[in-house]
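What follows is a set of notes on a single structure, which appears directly below.
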Amino acid sequence: MNKQEPLDKQKDKEWEFHLRSISSSARDSNFATDPASDPSLLNSVKRLYELCKSEKSEELIARVHPHLSKIFQRSVSSISQTRTSNGLLLLAMLQFFLDFGDVVLHDADPSLRTFFRSCLSREFADPVVAEATLEFLSSNQRKLLKSHPTLLPQFFPLMLKLIAWNGEKLEKLFLRVFPGFVSPGSFIPLFLSLVDLPILVVALEKVERSSGSLVGSSIASIQKNVAPEMLVALMDEAYTGSTIGDGGADSESEDSTPMAVADPIFLELLKDENDGLAERHWSSPAMAAALQAVINTPQSDRLKEALRIAPRLLDSYFSLAVHEATDALICALIPLLMSRYSRLFPDKIFSYEVQKRLLEFMLAAFHRSPQFIALLKKPIVDRLGEAYDSPAKSELALQLCWAIGEHGGGGGSHKDAARELFESLELLLYENLSSSRLGLGEAAHGSGGSSFRKSSQSRLLCFVVTAISKLATCHRELLPRARVSLAKVARSRISDARVWRRAQDYMGLMNEPAICLSVLGSSSPSSEVMKYPGTVNWDEGSTKMIAHIPFYILGGQEGPPFHDFSFADILPRK
């Protein structure tokens, strides 16, 4: 090209060259069934997009659009008949549709959904396509959230496959796009999918072992070919509530391993779109068999990465929930946090990291909205009744005891709920005083099982005693029953002196209501009694005894405090 040739003429020549290229691809029968096989086509589409953007000419945009629309449709139609990757080409055309759709009256929404369903569902395992997709979504995030707000919430299960299969190298990009997944319709299902990210990796690896490379293959069609009856069973379960069979002796599947039993479970995990169905797979015995098979084999590198990524994704999820989710959504989420607390992928570090985050968010939600404790009294009572099943359930019950007492069972206006929660605490207390049931499950195995049980039981009892005292302080009609409960603990012969000594301390506090309210009062007091534990209202100091007392000074003394003092001696009178 002549260096002295004007720049406009150079652009015109380049424009005509690339326009002829895409026009030829749109017409040429050689590429009719597979436009992506033309190696020059992607470059021509990108360059024409750049020229249209720089020139800002509606005429140029209108000339390019018909050819791209035709190539887009041909590429989508050829996906199932070819192994050529169409992802990059389709993404380049989608960028054109997004930026210039208003000019040519092209609604990009159907094209975007077609890309997810037809292309990305087959090419998510291709690292190049996966990264390009996340880059595309990240750079267009504002436009997508404004003009296509339901797109990412609908396809978040497919997007999770990108990070599950491609791992930590895409994590930063994925986290940029992640806020777009959260919407009222995806809020609850997204939590379940994040917690089960390691199990999604297990499911994908099983498909790869049984059916070959995931690149260019539709998982849905693979599973249909392997076991079509499983799809029927899954649909039956989803719409009628019937139970999926466990693949007994009459099963037609040739694979008799535990993984084959879990295939219907994995079908639910491997879906590409958010269908809003309630969680079912954890209720199936097949899940236990599938996880046991995973435990007995070495973890793959991809699974190890998923175990590290999932807690970090939960951090982002909970951060978004705090700022964007409504109280109704958070209240609906908390029972799921409770039910999944002890049902996680069986890896110690992963379980610890996830459980820590579940507890932190749940307790923060109770602190922000204490009324949740009253609204959710049924699932809370159910969790208290499971305190003996395992160490995880014991820890959850312990934290719920703390929350009940700390927030007064939902506050002063929820007296009926507080009474029911108080009765559950009483039952938990009496059961522990009369037996040593706590930790009879996995914690009892091994030489240290007995000592672990005693330590756990003492810890739970301390929390229950404190919760009973704090609840009775908030709801004074419960004080007589609380005194009876504390007296039984104080007179008991349990080996741990910390428990009965704490009960005695609380009984002494209850004889001084003002001090008791200051020390044990709810952290979220009602409007009638605006006093917080451990605080001093100096304006009332000369007339009311509301200050907290330095009990640590009296810790070595037996019996009630003998100090004779008055706040009026140290506070100036008005």
Go through it in stages, so that I can follow the logic: the residues are Arg419 and Glu423, the test is salt bridge (Lys or Arg N to Asp or Glu O under 4.0 Å), and I'd like the CA-CA distance, side-chain angles, deciding distance and then a yes or no. CA-CA 6 Å; Arg419 178 180 50 77; Glu423 291 171 353; 3.4 Å; yes
Quick one: CG on Leu478 to OG on Ser469, what's the gap to the nearest 0.5 Å? 11.5 Å
When rounded to the nearest 0.5 Å, the distance separating CG of Leu91 from OG1 of Thr133 is 4.5 Å
Any Lys/Arg nitrogen of Arg302 or Glu305 sitting under 4.0 Å from an Asp/Glu carboxylate oxygen of the other? no
Could you walk me through whether Phe181 and Phe174 pass the ring-ring contact (aromatic ring centres under 6.0 Å, His included) check? CA-CA 11 Å; Phe181 301 161; Phe174 189 83; 5.5 Å; yes
Please step through side chain to side chain contact (heavy atoms under 4.5 Å, CB included) for the pair Phe366 and Leu400, ending with a clear verdict. CA-CA 10 Å; Phe366 286 149; Leu400 289 174; 4.1 Å; yes
Value rounded to 0.5 Å, distance of CZ in Arg481 from CG in Leu425: 10.5 Å
Please check: side-chain N/O of Ser351 versus main-chain N/O of Lys348, any donor-acceptor pairing under 3.5 Å? no
Among residues at least two apart in sequence or on other chains, which ones pass salt bridge (Lys or Arg N to Asp or Glu O under 4.0 Å) with Lys488? none
Test item: Tyr317 side-chain N/O and Phe187 main-chain N/O as donor-acceptor pair under 3.5 Å: yes
Salt-bridge present (Lys169, Glu131; N to O < 4.0 Å): no
Evaluate the side-chain proximity of Leu303 to Phe350: yes if any heavy-atom separation is below 4.5 Å, no if none is. no
Should Leu197 and Phe345 count as side-chain neighbours, where that means a heavy-atom distance under 4.5 Å? no
Main chain of Phe115, side chain of Ser118: is a donor-acceptor contact present, judged purely on distance under 3.5 Å? no
Carboxylate-amine/guanidinium proximity below 4.0 Å for Asp315 and Arg357: yes
Less than 3.5 Å apart, any donor N or O on the side chain of Arg383 or Ser342 sitting next to an acceptor on the other? no
Ignoring hydrogens, what is the shortest heavy-atom contact between Leu190 and Val182? Give both atom names and the distance. CD2-CG2, 3.8 Å
If you take all heavy atoms of Ser485 and Glu426, which pair is closest and at what distance? OG-OE2, 3.6 Å
Could you tell me whether the side chain of Ser138 and the main chain of Leu134 form a donor-acceptor pair under 3.5 Å? no
Check step by step if side chain to side chain contact (heavy atoms under 4.5 Å, CB included) holds for Lys161 and Leu214. CA-CA 11 Å; Lys161 290 181 183 178; Leu214 298 182; over 6 Å; no
Closest non-hydrogen atom pair, Leu428 against Ala387: CD1-CB, 4.1 Å
Residue pair Leu329, Leu333: steps toward the side chain to side chain contact (heavy atoms under 4.5 Å, CB included) verdict: CA-CA 6 Å; Leu329 285 173; Leu333 175 66; over 6 Å; no
Are Phe156 and Phe178 close enough, and set up right, to give a ring-ring contact (aromatic ring centres under 6.0 Å, His included), and what steps lead you there? CA-CA 9 Å; Phe156 81 78; Phe178 186 79; 9.1 Å; no
4.5 Å side-chain heavy-atom contact, Lys470 and Tyr506: no
Closest heavy-atom pair and its distance - Ala417, Ala374: CB-CB, 3.6 Å
Please check: side-chain N/O of His414 versus main-chain N/O of Gly409, any donor-acceptor pairing under 3.5 Å? no
Ion pair Asp109/Arg113, N-O distance below 4.0 Å: yes
With heavy-atom distances below 4.5 Å as the criterion, would you say the side chains of Val489 and Leu461 are in contact? no
Leu363 vs Trp402 side-chain heavy atoms within contact, under 4.5 Å: yes
Do Leu160 and Leu194 touch side chain to side chain, with heavy atoms closer than 4.5 Å? yes
Kindly compute the distance separating CD (Gln399) from CD (Glu406), expressed to the nearest 0.5 Å. 11.5 Å
4.5 Å side-chain heavy-atom contact, Cys331 and Asp327: no
Between the side chains of Arg312 and Glu168, is the shortest nitrogen-to-carboxylate-oxygen separation below 4.0 Å, so that they form an ion pair? yes
Check: Thr150 and Ser183 side chains under 4.5 Å, non-hydrogen atoms: no
Nearest 0.5 Å, what's the CG-CG distance between Leu90 and Leu120? 10.5 Å
Any idea which heavy atoms bring Ile373 and Ala403 closest together, and the distance? CD1-O, 3.3 Å
Would you call Arg459 and Glu395 a salt bridge, using N to O less than 4.0 angstrom? yes
From CA spacing to verdict: side chain to side chain contact (heavy atoms under 4.5 Å, CB included), Ile349, Leu307: CA-CA 8 Å; Ile349 297 177; Leu307 292 171; over 6 Å; no
What is the minimum heavy-atom distance between Ala392 and Gln355, and which atoms define it? CB-NE2, 3.8 Å
Could you check Asp505 against Arg501 for salt bridge (Lys or Arg N to Asp or Glu O under 4.0 Å), going step by step and ending with a plain yes or no? CA-CA 6 Å; Asp505 290 343; Arg501 186 169 293 173; over 6 Å; no
Out of curiosity, Arg117 CZ to Leu112 CG, how far, rounded to the nearest 0.5 Å? 11.0 Å
Is the side chain of Glu123 donor-acceptor paired with the backbone N or O of Asn86 at a distance under 3.5 Å, no angle test? yes
